[in-house]
Amino acid sequence: RRRLYLPALCRFVSNESNGGQGEDGWPKSTWLRAQTERALSGVAGLSGETAARALLAQLDSALRCTDLPDPKAREHTDSLARRLAREASPYSGEQERMLMKGPCVELLSLSGQPYSTVSQTALIVSMSEGCAFFAHRKATPEFAAAAAGAAAARPPVG
């Protein structure tokens with residue numbers, strides 16, 4: 001059996017203009033890439049739809065994450081948010097930080113308009129089956145409540 005993935009093909013796109021690649025990629029994209037590579041090792045013996053479903057199940061909590069658990073990633077997020085606010089963004093440093101702090105953006109106000117994650121999409125290509133699996137979910141109230149519950153369950157940082 002062929003492996004489900006090639007690490008170089010793990011791509012993540014959030015709201016960043018460079019598609020999450022390079023040194024200006026948002027820490028949440030870098031973190032989610034690492035979580036995906038870890039989850040991929042957990043489905044190494046599987047292929048096709050079975051592997052795709054198992055991978056999505058393993059990634060569920062990472063996709064619902066509203067605040068990165070890694071202190072270094074949070075520091076990088078804060079620094080990048082301040083720089084973007086100074087150089088290229090119509091938003092304040094705090095608003096930029098809120099956009100970047102996790103893969104699932106909690107409801108906030110940007111320029112007087114509500115903003116949050118409204119959907120998440122995954123495309124998984126199975127080399128062994130020669131096909132792709134597409135998954136999409138809308139951020140329903142249940143999705144938002146689960147994300148908020150995950151955030152509340154994390155121990156305080158400090």
Side-chain angles (χ1 to χ4, degrees), residues 4-5 7-40 42-43 51-125 132-158:
L4 177 67
Y5 80 107
L9 298 179
C10 289
R11 301 279 292 177
F12 299 88
V13 179
S14 187
N15 297 36
E16 63 252 80
S17 60
N18 67 356
Q21 305 305 307
E23 69 180 52
D24 285 337
W26 289 2
K28 70 180 185 180
S29 294
T30 302
W31 178 82
L32 191 53
R33 185 177 305 107
Q35 296 301 304
T36 301
E37 289 174 359
R38 185 176 298 122
L40 282 165
V43 298
R53 288 183 181 278
L55 179 60
L56 289 170
Q58 288 189 30
L59 286 173
D60 188 62
S61 63
L63 290 168
R64 293 178 191 270
C65 177
T66 58
D67 197 5
L68 298 178
D70 178 15
K72 284 189 176 195
R74 285 195 300 273
E75 286 177 27
H76 184 210
T77 296
D78 292 346
S79 171
L80 184 59
R82 285 191 301 273
R83 184 173 61 82
L84 286 174
R86 281 192 317 269
E87 297 174 5
S89 175
Y91 304 122
S92 70
E94 179 60 18
Q95 288 171 321
E96 284 289 347
R97 189 184 71 71
M98 295 297 290
L99 289 171
M100 290 186 238
K101 72 180 199 166
C104 184
V105 178
E106 294 177 297
L107 184 62
L108 63 126
S109 177
L110 292 177
S111 303
Q113 298 295 316
Y115 184 95
S116 69
T117 296
V118 295
S119 66
Q120 295 177 324
T121 304
L123 177 64
I124 301 170
V125 177
F133 300 95
F134 178 83
H136 175 82
R137 66 178 172 190
K138 291 183 179 182
T140 63
E142 294 79 18
F143 177 89
R154 275 194 303 280
V157 177

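- Of the inter-residue distances, the one linking D67 atom CG with M100 atom CE reads 13.0 Å to the nearest 0.5 angstrom.
- Taken to the nearest 0.5 Å, the CG atom of L56 stands 9.5 Å off from the OG1 atom of T36.
- Note that the CZ atom of R137 and the OG1 atom of T117 stand 10.0 Å from one another [nearest 0.5 Å].
- The shortest side-chain heavy-atom distance between E106 and K101 falls under the 4.5 Å cut-off.
- For A81 against E96, the heavy-atom pair with the smallest separation is CB-CB, 3.7 Å.
- Distance check, rounded to the nearest 0.5 Å: CG of L123 to CZ of F133 gives 10.5 Å.
- The backbone N or O of L63 lies less than 3.5 Å from a partner atom in the side chain of Q120, making a donor-acceptor pair.
- Counting heavy atoms from C-beta outward, T77 and W31 have side chains that stay 4.5 Å or more apart.
- Between the K28 side chain and the L99 main chain, a donor and an acceptor come within less than 3.5 Å of each other.
- Atoms CD and CG, on E37 and L32 in that order, are 10.5 Å from each other to the nearest 0.5 Å.
- Contact detail for P69 and C65: the closest heavy-atom pair is CD-SG, 4.2 Å.
- Residues P103 and A62 come closest through the heavy atom pair CG-O, 3.6 Å.
- Residues D70 and H76 have side chains not in contact (no heavy-atom distance under 4.5 Å, counting atoms from C-beta outward).
- The nearest pair of heavy atoms linking S92 to A85 is C-CB, 3.7 Å.
- The closest donor-acceptor contact from the side chain of R74 to the backbone of L68 lies under 3.5 Å.
- Of all non-hydrogen atoms in P27 and L80, the two that sit nearest each other are CD-CD2, 4.0 Å.
- A salt bridge is absent between K72 and E75; no separation between the charged side-chain nitrogens and carboxylate oxygens falls under 4.0 Å.
- Residues M98 and V105 have side chains not in contact (no heavy-atom distance under 4.5 Å, counting atoms from C-beta outward).
- I124 approaches A52 most closely through the heavy-atom pair CD1-O, 3.9 Å.
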